[in-house]
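A short worksheet on the structure shown next.
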Amino acid sequence: MSDQHTLLDHATQSITVGSKSFAAASRLFDPHTRRSAVMLYAWCRHCDDVIDGQEAGHSATVLDAGLAQQRLDDLVAQTQDVYASRPVSAPAFAAFKEVVERHGIRQAYAMDHLAGFAMDVHQREYLSIEDTLEYCYHVAGVVGLMMAQVMNVKDEPTLDRACDLGIAFQLTNIARDIIEDAGVGRCYLPADWLVELGIPRERLAEPQYRQGVAVLAQRLVALAEPFYASAEAGMASLSGRSAWAVATAGGVYREIGVKVNAAGAGAWDVRISTSKLDKLRLISLGAWRAFTRRAKQWPPRPATLWQRPRHSCEAAPRAACAAVHEGAR
C-alpha cells in the first residue's frame with residue numbers, strides 16, 4: 001500500500017463509497033488538491049468507521065465500551081506516529097501522513113477531531129445547543145480547518161469560515177440522522193430542547209414523538225443557515241477551482257437540510273439524500289456562486305456565531321490529546 005497510486009486508489013474508493021456528496025465536489029478540485037482532499041477524507045472516514053463499528057459510514061453498531069476505548073486509543077497512537085514521523089502501515093494513516101507532510105496539517109486539529117470521537121465513546125450528554133455545537137466543531141468543523149490547509153489557507157479569518165462550513169454540515173447531518181442515531185443509542189439534540197417539547201431521550205425514535213422531532217430537526221436546519229452564509233465569505237481567499245468545489249459541497253449539503261425541512265415528520269421514512277440530477281444542478285450553481293462570492297466584499301464574521309477554540313501551538317497537541325482520553329468533557 002506504500003505505492004502512491006495504490007494509496008490514491010484506496011482513498012478514492014473510500015470517498016466514493018462513503019459520501020457521494022463529497023465525492024462529487026472533490027472532482028472539481030485541481031488534481032493536486034483533489035489528491036490531498038481525498039487522502040484526508042480517507043483518514044477521517046477510517047476513524048469514524050473504527051469508532052462506530054461500521055463500514056464506509058453505513059450500518060453503525062453499538063460497541064462494548066472497553067472495545068470502543070481500545071479502538072480510540074489505537075487511533076490516537078497511530079495519529080501520534082504520523083506526527084512523530086514514525087512508520088505507519090494502515091492505508092488511511094499512510095494517506096494522512098502524506099497530507100500532513102505536504103500541507104503541514106496542525107496536530108492540534110487532528111487531536112481535536114479524535115476528541116469528537118471520544119465524546120461518542122464516553123456517551124457524552126448534550127445539555128444545551130452550545131454542547132451540540134462543540135461536538136459539531138470536533139467532528140466536522142475541524143475537518144473544515146484541515147481541508148482549508150489542504151487548499152493552502154493560512155489566515156485565521158478564512159480558517160474561521162472553513163470551520164463554519166464544517167459545523168453547518170454537521171448540523172445538517174444531525175437533523176437528517178436523528179432517528180438512525182437513536183437506533184444506536186446516540187442523541188445529539190440538546191437535552192433542554194427535548195424537555196421543552198416533552199420528548200423522552202430514550203423514546204426519541206418512537207412514532208408518537210415524530211412531529212416534535214421534526215420541529216427540532218427544523219430548528220437545527222435553521223441554525224445551520226448562518227454558518228453556511230458565513231462560510232461563503234471564505235471563498236474569496238480560494239483559487240477558482242477550490243472555490244467551485246467548496247461552493248458545490250456547501251450547496252449539496254444545504255439541499256439535504258432543505259429536504260429535511262420540507263419533509264416534516266416524514267423526514268425519516270427514507271434516508272434523505274440528493275439525486276444525480278440534484279448534484280448536476282448544484283455543480284452548475286456552485287460555479288456561479290464561487291464566481292460571484294469571490295468577487296464580493298464581505299463584512300467581518302458575525303460575532304454571534306459560535307467561536308472555535310484558539311490553540312497555543314506548543315500546548316495544543318498535549319491539551320487536545322488529554323481531551324481525547326477525558327472524553328473531551
Side-chain angles (χ1 to χ4, degrees), residues 1-15 18-19 22 26 29 32-52 54 56-57 68-121 137-154 159 162-163 166 308-309 311-328:
M1 272 293 184
S2 59
D3 177 79
Q4 288 193 345
H5 291 296
T6 306
L7 206 57
L8 180 59
D9 288 345
H10 164 78
T12 302
Q13 177 66 12
S14 177
I15 196 170
S19 175
F22 289 133
S26 72
F29 286 120
H32 292 295
T33 305
R34 183 188 311 125
R35 178 183 177 92
S36 293
V38 299
M39 293 284 204
L40 176 59
Y41 177 91
W43 175 73
C44 296
R45 176 79 275 151
H46 173 77
C47 293
D48 195 13
D49 286 350
V50 165
I51 295 301
D52 284 351
Q54 63 187 7
Q69 183 62 55
Q70 181 182 338
R71 289 185 174 195
L72 177 62
D73 291 343
D74 187 54
L75 293 176
V76 171
Q78 290 184 81
T79 303
Q80 289 173 330
D81 285 343
V82 168
Y83 283 97
S85 298
R86 290 190 285 264
V88 294
S89 56
F93 283 91
F96 185 55
K97 186 173 185 179
E98 179 183 306
V99 178
V100 168
E101 291 174 349
R102 179 175 294 180
H103 300 283
I105 303 298
R106 298 179 191 176
Q107 186 175 355
Y109 293 164
M111 300 311 298
D112 269 359
H113 190 44
L114 295 179
F117 299 124
M119 294 178 178
D120 284 336
V121 168
Y137 162 75
H138 281 286
V139 298
V142 76
V143 177
L145 294 172
M146 292 188 286
M147 193 63 73
Q149 287 198 271
V150 163
M151 290 180 276
N152 298 317
V153 171
K154 294 179 174 59
L159 288 169
C163 182
R308 68 183 172 95
H311 292 296
S312 156
C313 291
E314 184 176 346
R318 293 196 301 272
C321 187
V324 170
H325 292 290
E326 292 297 321

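These figures come from a predicted structure and were not determined experimentally.
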Gln69 side chain to Val121 main-chain N or O, any donor-acceptor pair under 3.5 Å? no
With a 4.5 Å heavy-atom cut-off, do Phe29 and Val38 have their side chains touching? no
Minimum heavy-atom separation for Val99 and Ser36, please, with both atom names. CG2-O, 3.6 Å
Where Ala162 and Ala148 come nearest, the two heavy atoms and their spacing: CB-CB, 3.7 Å
What one should report as the nearest heavy-atom pair of Val142 and Tyr109 is CG2-O, 3.3 Å
Taking Arg106's backbone N and O only, do any of them form a donor-acceptor pair with Gln149's side chain (distance below 3.5 Å, no angle check)? yes
With rounding to the nearest 0.5 angstrom, report the CH2 to CE distance, Trp43 to Met146. 5.0 Å
Point-to-point distance, once rounded to the nearest 0.5 Å, from OH of Tyr41 to CG of Asp48: 8.5 Å
For the CD atom of Gln80 and the CG atom of Leu114, what is their distance to the nearest 0.5 Å? 9.0 Å
At what distance, to the nearest 0.5 angstrom, does CG of Leu40 lie from NE2 of His103? 9.0 Å
Side-chain (Arg71) to main-chain (Ile51) donor-acceptor, under 3.5 angstrom: no
Can you see whether Asp74 engages Gln70 through a side-chain donor-acceptor pair at a distance of less than 3.5 angstrom? no
Check the pair Arg308 / Leu159 against side chain to side chain contact (heavy atoms under 4.5 Å, CB included), numbers first and verdict last. CA-CA 10 Å; Arg308 68 183 172 95; Leu159 288 169; 3.6 Å; yes
Spacing of OG1 belonging to Thr33 relative to CG belonging to Asn152, to within rounding of 0.5 Å: 6.5 Å
For side chain to side chain contact (heavy atoms under 4.5 Å, CB included), just list the numbers for Phe93 and Val100, CA-CA rounded to whole Å, side-chain angles, deciding distance to a tenth of an Å, and then say yes or no. CA-CA 10 Å; Phe93 283 91; Val100 168; over 6 Å; no
I'd like to know whether Val76 forms a side chain to side chain contact (heavy atoms under 4.5 Å, CB included) with Met111, so could you lay out the CA-CA distance, the side-chain angles of the two residues, the decisive distance to 0.1 Å, and finally the verdict. CA-CA 8 Å; Val76 171; Met111 300 311 298; 3.8 Å; yes
Between CZ of Phe96 and OG1 of Thr79, what distance do you get to the nearest 0.5 Å? 6.0 Å
Side-chain donor/acceptor of Lys97 to backbone N/O of Asp81, under 3.5 Å: no
Measuring only between side-chain heavy atoms, which start at C-beta, is Met39 closer than 4.5 Å to Arg102? no
Quick one: does any side-chain atom of His113 pair with a main-chain N or O of His138 as donor and acceptor, under 3.5 Å? yes
